[in-house]
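Each remark here refers to the structure printed beneath this line.
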Amino acid sequence: GYDGTDIREEECPPVKRGSEDDALLRCAMTAGFAPCAVVLYRGNRSPYWWLDNNLEVFPFPGSVNKDYQMSGKDGDEWMVYSDSMVMGRGHSIMDSTLVFSPFILLFAKTVVINP
């Protein structure tokens, strides 16, 4: 493995939710995973996850986000992800992380406004 001088054995402190570091980290993840993002819509028991091509996808069964419950309104919460696979009932989203609509808008290539 890599053992350069820029790596230290110290443990990094956790990123505080809502901090400037949190915003920068979510920006980096949104930009880095683009265009891999799904929008969340409130469902009866759990949110629905939708791709921009109107395909419903599902969190990977072993994901920590599998049981995620929305706290915002439809379209406010998004998951960026690293990859997807077709498994069983449909596409499963791998390695997902919650971001919010301003992050998606910041890195969008196209914005369509319906009057």
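Because the structure is a prediction, the values reported are computed rather than measured.
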Are there more than 12 heavy atoms of other residues, nucleotides or ligands under 6.0 Å from atom CG of N44? no

Which residue, V38, V99, L98, I93, forms the side-chain contact (heavy atoms from CB on, under 4.5 Å) with V80? V99

Could you list all the side-chain hydrogen bond (donor to acceptor under 3.5 Å, both in side chains) pairs where at least one residue sits in residues 62-71, not counting sequence neighbours? N65-S96, Y68-E77, S71-E77

Non-hydrogen side-chain atoms of M85 and M94 separated by less than 4.5 Å: yes

Please tell me whether W49 and W78 are part of a single hydrophobic cluster in this structure, the criterion being side-chain heavy atoms less than 4.5 Å apart. yes

Single-linkage hydrophobic cluster, 4.5 Å side-chain cutoff, V15 and M29 together: yes

What are the two closest non-hydrogen atoms of Y41 and V39, and how far apart are they? CE1-CG1, 3.4 Å

Which atoms form the tightest heavy-atom contact between A23 and F103, and what is the distance? O-CE2, 3.4 Å

Please check if V57 and L40 belong to a single hydrophobic cluster, counting links between Ile, Leu, Val, Met, Phe, Trp and Tyr side chain heavy atoms closer than 4.5 Å. yes

Interatomic distance, F60 atom CZ to H91 atom NE2 [nearest 0.5 angstrom]: 14.5 Å

Cluster question for you: counting only ILVMFWY and a side-chain heavy-atom cut-off of under 4.5 Å, with indirect links fine, are F33 and F107 together? no

What's the spacing between F100 CZ and L105 CG if we round to 0.5 Å? 15.0 Å

Between D22 and K16, what is the shortest heavy-atom contact and its length? CB-O, 3.4 Å

Whichever hydrophobic residues join V64 through chains of side-chain contacts under 4.5 Å: none

When rounded to the nearest 0.5 Å, the distance separating OG of S92 from CZ of F58 is 8.0 Å

According to a 4.5 Å side-chain heavy-atom criterion applied to Ile, Leu, Val, Met, Phe, Trp and Tyr, with indirect links allowed, do V111 and I104 form part of one hydrophobic cluster? no

Listed by chain and number, what are the side chain to side chain donor-acceptor pair (under 3.5 Å) partners of D95, not counting sequence neighbours? S82

Main chain of G72, side chain of R42: is a donor-acceptor contact present, judged purely on distance under 3.5 Å? yes

